[in-house]
Peer 1: 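Would you mind keeping the following structure in view while I ask a few things?
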Number of protein chains: 2
Amino acid sequence: MKNTEAATNLRMTRQRRIILEELCKLKSHPTAYDLHDLVRDRLPNVSLATVYRNLEILSDQGIIQRLDTGPGQRRFDGNPAPHSHVRCIGCGRVADSSSSPEGLNEAGQICSECGYLILGCTIEYTGLCPECRKDPAAAPANNWEV
Amino acid sequence: MKNTEAATNLRMTRQRRIILEELCKLKSHPTAYDLHDLVRDRLPNVSLATVYRNLEILSDQGIIQRLDTGPGQRRFDGNPAPHSHVRCIGCGRVADSSSSPEGLNEAGQICSECGYLILGCTIEYTGLCPECRKDPAAAPANNWEV
DNA sequence: GTAAATGCAAATTGTTTGCTTACTG
DNA sequence: CAGTAAGCAAACAATTTGCATTTAC
């Protein structure tokens with residue numbers, strides 16, 4: 001039930017639409033909990049589970065973006081295009097970074113777009129390890145390998 | 001109890017030493033659970049909580065590195081120096097990447113150091129948001145702000 | 001001797017799932 | 001009307017914590 005999932009016919013429900021609308025309205029990158037709070041202003045009975053389910057579906061569809069970086073809760077970005085982020089080590093908030101990739105040594109600078117004081121930078125590549133390239137289907141079983 | 005913590009006198013217990021030794025022996029980046037499994041060969045009664053506690057303390061001290069990137073469990077790196085990583089989207093394993101920062105468009109290439117097929121790249125900066133810069137002590141309270 | 005660390009079990013937190021009912025296409 | 005999605009509550013997984021006991025310095 002991951003990426004081997006058959007495509008289903010998605011329906012644009014009231015909840016899904018409002019969750020998406022509210023997320024896209026924000027320049028920030030809320031947690032599911034944050035967004036649930038916001039959406040409840042328009043849909044008082046919406047459940048947190050629905051927010052989680054829709055955020056997952058929408059990011060699987062490439063309509064929004066999951067930010068799995070950093071400790072703590074997962075955050076979401078209404079903009080699916082790849083771009084870099086700055087995470088505040090104080091409060092955990094995440095903002096878009098205007099920083100260009102070549103500016104890797106800009107620790108100590110203030111990001112012109114978001115006003116964050118830049119302290120560090122992490123680069124993470126994603127890919128497939130040799131084992132998973134051989135047999136992608138077997139990959140999840142290796143999950144616990146050190 | 002975060003970064004405002006007073007320095008305590010750390011003691012090099014048998015458990016702490018062995019946890020550190022085993023982590024540093026690895027070229028891989030295990031989860032706390034993985035490491036607990038390994039350490040139990042030498043310390044059969046060590047608890048998972050002790051492993052978690054020590055990994056946190058050691059990374060707070062800058063002796064090891066926490067990898068908070070990616071979904072799923074946190075991973076740890078015995079090498080505290082900043083360097084980039086590749087995370088397998090199949091099995092979740094993390095390896096060191098030899099990729100140079102300028103090689104950002106190397107999707108499709110095989111990492112010469114780890115053999116992973118590179119598919120994507122995420123850049124995340126860390127820093128302090130304007131609010132936390134004003135009053136770092138107040139920062140954690142803003143944790144929930146969207 | 002005293003503060004720090006351990007082991008154990010229980011508590012928390014963030015996220016997911018099962019199931020029945022409601023609603024979209 | 002057929003199948004997807006919602007709401008609710010319960011289940012889960014990863015991590016953290018309380019507490020009595022042990023250990024390092």
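Letters A, B, ... mirror the listed sequences (proteins, then strands); counts begin at 1. Given the structure is predicted, the values throughout are model-derived calculations rather than measurements.
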Peer 1: Using a 3.5 Å distance criterion without hydrogens, assess whether the side chain of A:Arg133 forms a donor-acceptor pair with backbone atoms of B:Gly115.
Peer 2: yes
Peer 1: Is there side-chain contact between A:Leu43 and A:Ile19, with at least one heavy-atom pair below 4.5 Å?
Peer 2: no
Peer 1: Please identify each residue that fulfils salt bridge (Lys or Arg N to Asp or Glu O under 4.0 Å) with A:Asp37, with sequence neighbours left out.
Peer 2: A:Arg40
Peer 1: Rounded to the Å, how far apart are B:Leu20 CG and C:dA5 P?
Peer 2: 14 Å
Peer 1: Grab the CG-C1' distance between A:Leu58 and D:dA5 for me, whole Å please.
Peer 2: 12 Å
Peer 1: Determine the contact category for A:Ala49: base if any of its heavy atoms lies under 4.0 Å from a base atom, sugar-phosphate if only primed atoms, P, OP1 or OP2 are that close, otherwise nothing.
Peer 2: base
Peer 1: Which pairs with one or both residues in residues 77-97 of chain B pass ring pair (Phe, Tyr, Trp, His ring centres under 6.0 Å), sequence neighbours excluded?
Peer 2: B:His29-B:His85, B:His83-B:His85
Peer 1: D:dA14 P sits how many Å from B:Arg66 CZ, rounded?
Peer 2: 16 Å
Peer 1: Can a side chain N or O of A:Arg74 be found less than 4.0 Å away from OP1 or OP2 on C:dT16?
Peer 2: yes
Peer 1: I'd like to check the side chain to side chain donor-acceptor pair (under 3.5 Å) partners of A:Thr13; sequence neighbours left out, ordered by chain and number.
Peer 2: none
Peer 1: OP1 or OP2 of C:dC23 sitting under 4.0 Å from any side-chain N/O of A:Gln15?
Peer 2: no
Peer 1: Run the side chain to side chain donor-acceptor pair (under 3.5 Å) test against B:Gln65 and tell me which residues pass, sequence neighbours left out.
Peer 2: none
Peer 1: Choosing from D:dC8, C:dG7, C:dG14, which nucleotide comes nearest the side chain of A:Gln73?
Peer 2: C:dG14
Peer 1: Under the rule for salt bridge (Lys or Arg N to Asp or Glu O under 4.0 Å), what residues qualify as partners of A:Arg66, not counting sequence neighbours?
Peer 2: A:Asp68
Peer 1: Which residue pairs pass the salt bridge (charged side-chain N to carboxylate O under 4.0 Å, His left out) test with at least one member in residues 44-55 of chain A, sequence neighbours excluded?
Peer 2: none
Peer 1: Start at the 5' end of DNA chain D and walk down; is the nucleotide closest to A:Ile19 or to B:Arg53 reached first?
Peer 2: A:Ile19
Peer 1: Using the salt bridge (Lys or Arg N to Asp or Glu O under 4.0 Å) criterion, which residues pair with B:Arg14? Sequence neighbours excluded.
Peer 2: none
Peer 1: Using whole Å, report how far CG of B:Asp60 lies from C1' of C:dA5.
Peer 2: 15 Å
Peer 1: From CD of B:Gln61 over to C1' of C:dA4, roughly how many Å is that when rounded to an integer?
Peer 2: 13 Å
Peer 1: Taking only side-chain N and O atoms of B:Tyr52, does any of them lie within less than 4.0 angstrom of OP1 or OP2 on D:dT16?
Peer 2: no
Peer 1: Round to the nearest Å and state the distance from B:His36 atom NE2 to D:dA14 atom C1'.
Peer 2: 14 Å
Peer 1: Would you kindly say whether B:Thr69 and A:Glu124 are connected by a side-chain donor-acceptor distance under 3.5 Å?
Peer 2: yes
Peer 1: What is the separation between atom OH on A:Tyr33 and atom P on C:dT16, rounded to the nearest whole Å?
Peer 2: 17 Å
Peer 1: Rounding to 10°, can you tell me the angle the first-five-pair axis of the helix from C:dG1-D:dC25 to C:dG25-D:dC1 makes with its last-five-pair axis?
Peer 2: 40°
Peer 1: Closer than 4.0 Å, any side-chain N/O of A:Asn9 to the OP1 or OP2 of D:dA5?
Peer 2: no
Peer 1: If you restrict it to nitrogen or oxygen atoms, what contacts under 3.5 Å exist between nucleotides 21-25 of chain D and the protein, and what is each distance?
Peer 2:
residue : atom : partner : partner atom : Å
D:dA24  : N3   : B:Arg11 : NH1          : 2.9
D:dC25  : OP1  : B:Met12 : N            : 3.3

Peer 1: Once you round it to whole Å, what is the distance between C1' of D:dA5 and CD of A:Glu56?
Peer 2: 14 Å
Peer 1: Determine: side-chain N/O of A:Thr50 to OP1/OP2 of D:dG7, distance under 4.0 Å, yes or no.
Peer 2: yes
